[in-house]
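Model, not experiment: these values are computed from the prediction.
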Amino acid sequence: MARILVFAGSLRTASLNKKLARLAAAAVQAAGGDPTFIDLKDYALPLYDGDLEAAEGIPPNARKLKDLFKAHRGLLIACPEYNAGITAVLKNTLDWISRQDGAEPGSVPYEGKVAALCGATPGQFATLRSMDMTRHVLMQLGCTVIARRLGVPRAHEAFDEQGGLKDPNLAAALQSLAGELVRVTDRLSA
């Protein structure tokens, strides 16, 4: 069974992307995967600083995140978009996890991982630019990123009172994305 780590690249409690990530975790489970939803707010990290790393080593929360990444075969990331790009918290998280830790190369938490991307925004571009940047970073780190992705534009109007997607086509697209991620992860992990 594909173990999938699901999170949003946002810290805000009422983040539209956290709503989407929670739905994505449910979609992974419905597709036969084993999702773990985490909130990056629970893993506060300092901004990456080589001097800090040299003086204090890898922060404890970065180690916890590394362990979570290593324990899962897939990633499903909801990518917010700030000023047409990747969020600072998402990039910082990916950077800290990629740092060498003792004798373990920084690539270990990413090697062999399959990732899927989605994103929600009040704007019309559906976080496509942020997803493109995140895809580039993940591929550079050694992940296989599936081509299918899901962007939810006008997301401030997209969720119902229970937190579900109002549009059945978007809900089906999220299920399809999760299903493909589970299938590809299972296939590549066999």
Side-chain angles (χ1 to χ4, degrees), residues 4-25 27-28 37-50 52 59 61-62 65 69 74-99 106-107 109-110 113-160 163-167 169-178 180-181 184:
I4 308 293
L5 186 63
V6 183
F7 61 95
S10 176
L11 297 177
R12 191 168 60 87
T13 301
S15 164
L16 295 167
N17 283 280
K18 283 185 188 178
K19 285 184 181 183
L20 186 59
R22 284 185 181 92
L23 291 176
V28 165
F37 173 83
I38 63 168
D39 187 335
L40 292 182
K41 196 169 199 163
D42 296 332
Y43 299 90
L45 293 169
L47 287 175
Y48 176 74
D49 176 348
L52 176 68
N61 279 338
L65 286 166
F69 270 54
L75 306 170
L76 204 163
I77 305 172
C79 303
E81 187 170 286
Y82 294 175
N83 296 318
I86 189 172
T87 63
V89 67
L90 179 54
K91 183 66 167 70
N92 192 54
T93 298
L94 297 175
D95 289 344
W96 270 117
I97 293 169
S98 75
R99 302 305 300 158
S107 60
Y110 296 99
K113 296 286 182 290
V114 180
L117 305 175
C118 60
T121 181
Q124 64 180 345
F125 294 113
T127 77
L128 297 177
R129 297 167 293 195
S130 176
M131 285 190 277
D132 285 344
M133 291 177 185
T134 304
R135 173 187 306 278
H136 175 79
V137 171
L138 290 172
M139 290 175 66
Q140 181 65 31
L141 290 168
C143 292
T144 298
V145 183
I146 63 174
R148 183 188 307 262
R149 61 187 176 174
L150 173 66
V152 179
R154 294 175 289 289
H156 60 295
E157 301 169 348
F159 297 92
D160 62 27
L165 289 166
K166 292 178 185 177
D167 183 339
N169 292 325
L170 284 176
L174 182 59
Q175 191 60 58
S176 181
L177 176 70
E180 184 173 346
L181 175 61
V184 172

Kindly give the heavy-atom pair with the smallest separation between [X] and [Y], and that separation in Å.
{"X": "Leu47", "Y": "Trp96", "value": "C-NE1, 3.9 Å"}
{"X": "Ile146", "Y": "Ala116", "value": "CD1-CB, 3.7 Å"}
{"X": "Asn17", "Y": "Ala78", "value": "O-CB, 3.4 Å"}
{"X": "Leu52", "Y": "Pro46", "value": "CD2-CG, 3.6 Å"}
{"X": "Pro59", "Y": "Leu45", "value": "CB-CD2, 4.2 Å"}

Give, for atom [atom1] of [X] and atom [atom2] of [Y], the distance between the pair rounded to the nearest 0.5 Å.
{"X": "Phe69", "Y": "Tyr110", "atom1": "CZ", "atom2": "OH", "value": "5.0 Å"}
{"X": "Phe159", "Y": "Leu20", "atom1": "CZ", "atom2": "CG", "value": "5.0 Å"}
{"X": "Glu81", "Y": "Ile86", "atom1": "CD", "atom2": "CD1", "value": "10.5 Å"}
{"X": "Ser107", "Y": "Lys113", "atom1": "OG", "atom2": "NZ", "value": "10.5 Å"}
{"X": "Leu170", "Y": "Leu177", "atom1": "CG", "atom2": "CG", "value": "12.0 Å"}
{"X": "Ile77", "Y": "Cys143", "atom1": "CD1", "atom2": "SG", "value": "7.5 Å"}

Run Tyr82 and Ser10 through side chain to side chain contact (heavy atoms under 4.5 Å, CB included) and show every step you take. CA-CA 10 Å; Tyr82 294 175; Ser10 176; 3.9 Å; yes
Is there a side-chain contact between Phe7 and Leu76 in this structure, where contact means two heavy atoms from C-beta onward sitting under 4.5 Å apart? no
Can you spot which of Lys18, Lys19, Arg12 makes a salt bridge (Lys or Arg N to Asp or Glu O under 4.0 Å) with Asp39? Lys18
Quick check against the 3.5 Å criterion: does [X] have a side-chain atom that pairs as donor or acceptor with the backbone of [Y]?
{"X": "Thr87", "Y": "Gly9", "answer": "yes"}
{"X": "Ser176", "Y": "Ala172", "answer": "no"}
{"X": "Asp167", "Y": "Ala158", "answer": "no"}

For a side chain to side chain contact (heavy atoms under 4.5 Å, CB included) check, start with the C-alpha distance between Val184 and Glu180, then their side-chain angles and the critical distance, and finish with the verdict. CA-CA 6 Å; Val184 172; Glu180 184 173 346; 4.1 Å; yes
Give the intermediate values and the outcome of side chain to side chain contact (heavy atoms under 4.5 Å, CB included) for residues Leu65 and Ile38. CA-CA 10 Å; Leu65 286 166; Ile38 63 168; 3.7 Å; yes
Under 3.5 Å donor-acceptor pairs involving side-chain atoms of residues 120-127, not counting sequence neighbours:
from	atom 1	to	atom 2	distance (Å)
Thr121	OG1	Gly123	N	3.3
Thr127	OG1	Cys79	O	3.3

Do Ile4 and Leu75 pass the side chain to side chain contact (heavy atoms under 4.5 Å, CB included) test, and can you show the C-alpha distance, the side-chain angles, and the key distance before you say yes or no? CA-CA 5 Å; Ile4 308 293; Leu75 306 170; 5.9 Å; no
Could you check whether Lys91 pairs with Asp95 (Lys NZ or Arg NE/NH1/NH2 to Asp/Glu carboxylate O, under 4.0 Å)? yes
So, Arg149 and Asp132, do they make that salt bridge, N to O below 4.0 Å? yes
For atom CG of Asp49, decide whether the heavy atoms of other residues, nucleotides or ligands shown that lie under 6.0 angstrom number more than 12. yes
